[in-house]
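The structure displayed is predicted, hence computed values, not measured ones. Heavy-atom basis, side chains included; hydrogens, waters and symmetry copies ignored.
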Amino acid sequence: MPGQMFVRFMLLQKRLLKKGGFLLMLCLAPLLSAGVGRLAAESAGIATIALYLPEGDASAREISERLLNGGGVLRYLPCDDEAEAQILVETGEADAAWIFSEDLSERLEELGEKRRVRPVVTVVERRDSVPLILGREILSSAIYPSFSYKVYEGYVRDELGLAGMTDEELRRVYDSVAVEGSLFQMVYPDETPGETEEFTYVQAPLRGILAIWFTFVGLSAALWFMRDEDRGVYGRLSVTKRLSASYVAGAVYLLDAAAVLLLSCRLAGVFTDWKREGISCAVFAVCVLAFANLLRMICRTPRRLGMVFLPLLAAMLALCPVFLNLPYFKAGKLLLPPWYYLQSIHNPRYLYEMAVYTAVLAALGVILQRVQSRRR
């Protein structure tokens, strides 16, 4: 029996690779991923900022390094003077201009001594928007380290009476107690720890899109099996054995799609490690296979199954964490295979939940198959 299934598997693989539509479907994912990966490497952002920082100022140099070398979601256009920065905003080439004071270091030192916050940057904006609100937070975070050091320096020299300490000694002590890493720890609502990934906003939704694509490959395999069944390809098999045949036929589809899924994640720059990706992808493939076959038996005809595609796509985009992770409709999320896969990449707990969900789907498929065979 295993030998016959392997022969059947290889024959289906040979037949499948001759289909131009299937090959085109496989090529779409890596092409999209390669494009996204290249786009993420380019200079792009949700807002363009005209940036003027005075030359020769130590604080300005530190702040510019934090802004220009730190990546992020903003695109910066360095300017030679204040007038150029304002012109870029007026002509629409930039969404905002950040104009730093010529005496930036002196101002920060003065603010540190008086320990009060006063403006050190002139912000010119075309209109207020969510990206620019985020931009002002990024600007504040870039200025704060320089400001906090000036406060520390003034406190040590004036309040503690250690005016004789050199700048090198002050900096060494300051850096030795600086907080490294993130001040926040990500956890899931069930209080299990999670892991963050450093992706750009362009790359972030790609894994979710690929997960939905993979699910529809599984549904296409179920649709393909139903059409073959209508043409009498599986006429010699009893009704009870056709469930096994549908799993073998779907595995041919998903084996190729799984390799493409891993390749696409690699090309897009969202790949984590081979062990995690391989295990999650394997369980996800079996989950999609069970999900597609159960849906096939519920719909019973290719036309009905095809009618489910569009509502199912809308549900996956809305409920799965592709673009947004909504805290609502938890019951609906638990019915969709991509939700488990996207969560399992960050937390192994959801990998076990996906395995349990897969077992439930497979059991329901067996029960439904027996019920339908008795009716025939």
Any [X] side-chain heavy atom under 4.5 Å of [Y] side chain:
X: Tyr352; Y: Val356; result: no
X: Met297; Y: Leu364; result: no
X: Trp98; Y: Leu53; result: no
X: Arg370; Y: Ile367; result: no
X: Arg207; Y: Cys265; result: yes
X: Thr91; Y: Ile87; result: yes
X: Ile138; Y: Ile49; result: no
X: Glu93; Y: Thr48; result: no

Original post:
Taking the six-membered ring for Trp, are Phe216 and Phe309 parallel (under 30°), tilted (30 to 60°) or perpendicular (over 60°)?
Top reply: perpendicular
Original post:
Which class fits the ring pair Tyr340 and Tyr357: parallel under 30°, tilted 30 to 60°, perpendicular over 60°?
Top reply: parallel
Please find the pair of heavy atoms, one from [X] and one from [Y], that lie closest to each other, and give the distance.
X: Tyr341; Y: Ser280; value: CD1-O, 3.9 Å
X: Ala251; Y: Leu289; value: N-CD1, 3.8 Å
X: Val89; Y: Val124; value: CG2-O, 4.1 Å
X: Met354; Y: Pro337; value: SD-O, 4.4 Å
X: Leu319; Y: Lys333; value: O-CE, 3.4 Å
X: Ala85; Y: Cys79; value: CA-SG, 3.7 Å

Please say yes or no: joined through hydrophobic side-chain contacts below 4.5 Å, possibly via intermediate residues, are [X] and [Y] part of one cluster?
X: Ile99; Y: Val123; result: no
X: Tyr76; Y: Phe100; result: yes
X: Leu139; Y: Leu88; result: no
X: Ile279; Y: Val286; result: no
X: Leu77; Y: Val121; result: no

Just verifying a value: how many Å separate [X] [atom1] and [Y] [atom2], rounded to the nearest 0.5 Å?
X: Leu262; Y: Cys281; atom1: CG; atom2: SG; result: 4.5 Å
X: Leu210; Y: Thr215; atom1: CG; atom2: OG1; result: 10.5 Å
X: Tyr247; Y: Leu254; atom1: OH; atom2: CG; result: 11.0 Å
X: Leu219; Y: Ile212; atom1: CG; atom2: CD1; result: 11.5 Å
X: Arg296; Y: Ser246; atom1: CZ; atom2: OG; result: 4.0 Å
X: Met307; Y: Cys299; atom1: CE; atom2: SG; result: 9.5 Å

Subject >> By salt bridge (charged side-chain N to carboxylate O under 4.0 Å, His left out) - contacts of Asp80 (at least two apart) >> reply: none
**OP:** Give a yes or no answer on whether the side chain of Glu82 reaches the backbone of Tyr52 with a donor-acceptor pair at less than 3.5 Å.
**Re:** no
Original post:
Do side-chain atoms of Asp273 reach the backbone of Arg276 as a donor and acceptor pair under 3.5 angstrom?
Top reply: yes
